[in-house]
Amino acid sequence: MKQLLLLIILLFSARSVYAQQANSTSDSTTIILVRHAEKLDDGTNNPHLSEDGLLRAERLKEILYGNYPIKAVFSTKYHRTQETATPIATALEHEILVYDLSNPSEFLQSVIENYASQTVLIVGHSNTTSYFANILLGQQKYEKIDEADFGNIYVVKAVGLGKALEKHSTY
């Protein structure tokens with residue numbers, strides 16, 4: 001009798017763990033974080049992309065298009081982030097949604113909630129892209145991106161702030 005009771009408890013426990021794992025992956029929001037591409041050094045606070053930057057933005061589109069079912073493209077209001085996001089947004093026929101940097105945690109939480117089980121792209125800056133990844137992961141894993149580094153991609157699967165898995169690569 002004790003063995004039967006133990007077996008029943010184990011079966012229910014295993015089922016519960018499996019259900020939690022399934023829910024965490026099916027309800028997760030995939031958030032792709034990239035820094036804007038190379039910018040012109042024109043002395044302004046809002047430079048456009050350089051020729052190299054325009055090429056990198058096209059390369060980003062080639063990497064993402066068809067490989068990720070992106071439902072929304074977010075960017076700051078600056079030319080360099082907008083121009084980095086434009087090729088993929090155009091290919092997907094998405095409007096670029098401008099986000100506010102005043103409360104990063106609130107913004108990321110709203111993305112997780114509003115795009116559950118979907119994929120979004122967020123184009124940011126050297127001081128926000130890795131910071132966003134750290135907020136989503138709930139740990140200080142990544143340092144600020146160097147000013148000369150433009151090729152990082154962080155793919156984060158998040159069910160909540162601090163409840164995420166990620167993959168970091170370059171392009």
Side-chain angles (χ1 to χ4, degrees), residues 28-116 118-158 161-162 164-171:
S28 67
T29 303
T30 301
I31 301 171
I32 303 168
L33 301 165
V34 297
R35 178 190 180 198
H36 62 77
E38 291 87 340
K39 60 186 176 179
L40 291 171
D41 187 11
D42 64 4
T44 70
N45 290 336
N46 194 12
H48 291 274
L49 292 184
S50 66
E51 284 188 40
D52 287 343
L54 293 170
L55 290 172
R56 185 177 299 276
E58 282 295 323
R59 204 161 53 245
L60 178 65
K61 177 196 77 174
E62 291 169 10
I63 291 166
L64 299 179
Y65 188 78
N67 293 314
Y68 292 94
I70 297 171
K71 298 298 180 190
V73 177
F74 291 91
S75 169
T76 62
K77 63 183 177 180
Y78 297 98
H79 295 309
R80 57 195 177 273
T81 54
Q82 294 274 321
E83 291 169 4
T84 301
T86 294
I88 187 66
T90 300
L92 296 169
E93 298 180 350
H94 289 333
E95 177 183 340
I96 297 172
L97 306 170
V98 176
Y99 66 91
D100 181 11
L101 291 169
S102 64
N103 192 333
S105 294
E106 186 177 288
F107 165 62
L108 292 170
Q109 185 61 43
S110 74
V111 168
I112 292 167
E113 291 171 4
N114 293 322
Y115 294 93
Q118 297 180 32
T119 301
V120 302
L121 170 65
I122 300 175
V123 181
H125 301 270
S126 63
N127 62 338
T128 61
T129 303
S130 56
Y131 179 62
F132 283 3
N134 289 337
I135 290 171
L136 291 165
L137 294 171
Q139 59 179 305
Q140 286 299 118
K141 184 171 182 177
Y142 296 105
E143 298 293 321
K144 176 183 168 191
I145 298 172
D146 185 87
E147 278 298 315
D149 190 356
F150 297 95
N152 290 286
I153 298 178
Y154 305 86
V155 179
V156 181
K157 291 189 176 286
L161 299 182
L165 302 170
E166 53 78 37
K167 176 185 171 193
H168 175 244
S169 60
T170 57
Y171 70 106

_Among R56, R80, R59, which residue satisfies the salt bridge (charged side-chain N to carboxylate O under 4.0 Å, His left out) criterion with E38?_
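Single salt bridge (charged side-chain N to carboxylate O under 4.0 Å, His left out) partner of E38 among R56, R80, R59: R56.
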Taking every non-hydrogen atom, the tightest pair across [X] and [Y]:
{"X": "I135", "Y": "S105", "value": "CG2-OG, 3.8 Å"}
{"X": "P87", "Y": "K61", "value": "O-CD, 3.4 Å"}
{"X": "L40", "Y": "P47", "value": "O-CB, 3.3 Å"}
{"X": "T84", "Y": "A37", "value": "OG1-N, 2.9 Å"}

Within 6.0 Å of [atom1] in [X], more than 12 heavy atoms from elsewhere:
{"X": "Y171", "atom1": "OH", "answer": "yes"}
{"X": "D42", "atom1": "CG", "answer": "yes"}
{"X": "E106", "atom1": "CD", "answer": "no"}

When you measure from the side chain of [X] to the backbone N and O of [Y], does any donor-acceptor pair fall under 3.5 Å?
{"X": "T170", "Y": "G151", "result": "no"}
{"X": "T81", "Y": "T76", "result": "yes"}
{"X": "S75", "Y": "Q82", "result": "yes"}
{"X": "N46", "Y": "Y78", "result": "no"}
{"X": "R35", "Y": "D149", "result": "yes"}

Would you compute the distance between atom [atom1] of [X] and atom [atom2] of [Y] and round it to the nearest 0.5 angstrom?
{"X": "T128", "Y": "I122", "atom1": "OG1", "atom2": "CD1", "value": "9.0 Å"}
{"X": "L161", "Y": "L137", "atom1": "CG", "atom2": "CG", "value": "10.5 Å"}
{"X": "Q109", "Y": "T29", "atom1": "CD", "atom2": "OG1", "value": "9.0 Å"}
{"X": "K144", "Y": "S130", "atom1": "NZ", "atom2": "OG", "value": "9.0 Å"}
{"X": "I88", "Y": "I63", "atom1": "CD1", "atom2": "CD1", "value": "10.0 Å"}
{"X": "H125", "Y": "F132", "atom1": "NE2", "atom2": "CZ", "value": "8.5 Å"}

Can you give the donor-acceptor pairs under 3.5 Å from side chains of residues 90-99 to other protein atoms, not counting sequence neighbours?
residue	atom	partner	partner atom	Å
T90	OG1	T86	O	2.8
H94	NE2	I70	O	2.7
Y99	OH	V123	O	3.0

*Can you label the angle between the F107 ring and the F74 ring as parallel, tilted or perpendicular, going by 30° and 60°?*
perpendicular
*Relative to each other, are the rings of F150 and H36 parallel, tilted or perpendicular (30° and 60° limits)?*
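Aromatic pair F150/H36 classed tilted.
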Would you say [X] and [Y] make side-chain contact, with heavy atoms under 4.5 Å?
{"X": "Q118", "Y": "P69", "result": "no"}
{"X": "L60", "Y": "I153", "result": "yes"}
{"X": "Y154", "Y": "L136", "result": "no"}
{"X": "I32", "Y": "L64", "result": "yes"}
{"X": "H168", "Y": "K141", "result": "no"}
{"X": "N114", "Y": "V120", "result": "no"}

*Passes side-chain hydrogen bond (donor to acceptor under 3.5 Å, both in side chains), D52 versus S50? Steps please.*
CA-CA 5 Å; D52 287 343; S50 66; 5.1 Å; no
*Return each pair, listed once, that meets ring-ring contact (aromatic ring centres under 6.0 Å, His included) where at least one residue sits in residues 37-63; pairs must be two or more places apart or across chains.*
H48-H79
*asked:* K39: which residues meet the side chain to side chain donor-acceptor pair (under 3.5 Å) condition with it, sequence neighbours left out?
replied: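 Per chain and number, K39 pairs via side chain to side chain donor-acceptor pair (under 3.5 Å) with no residue.
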_Show, in sequence, the C-alpha distance, side-chain angles and deciding distance for Y68 and V155, and conclude whether the side-chain contact (heavy atoms from CB on, under 4.5 Å) test is met._
CA-CA 10 Å; Y68 292 94; V155 179; 3.7 Å; yes
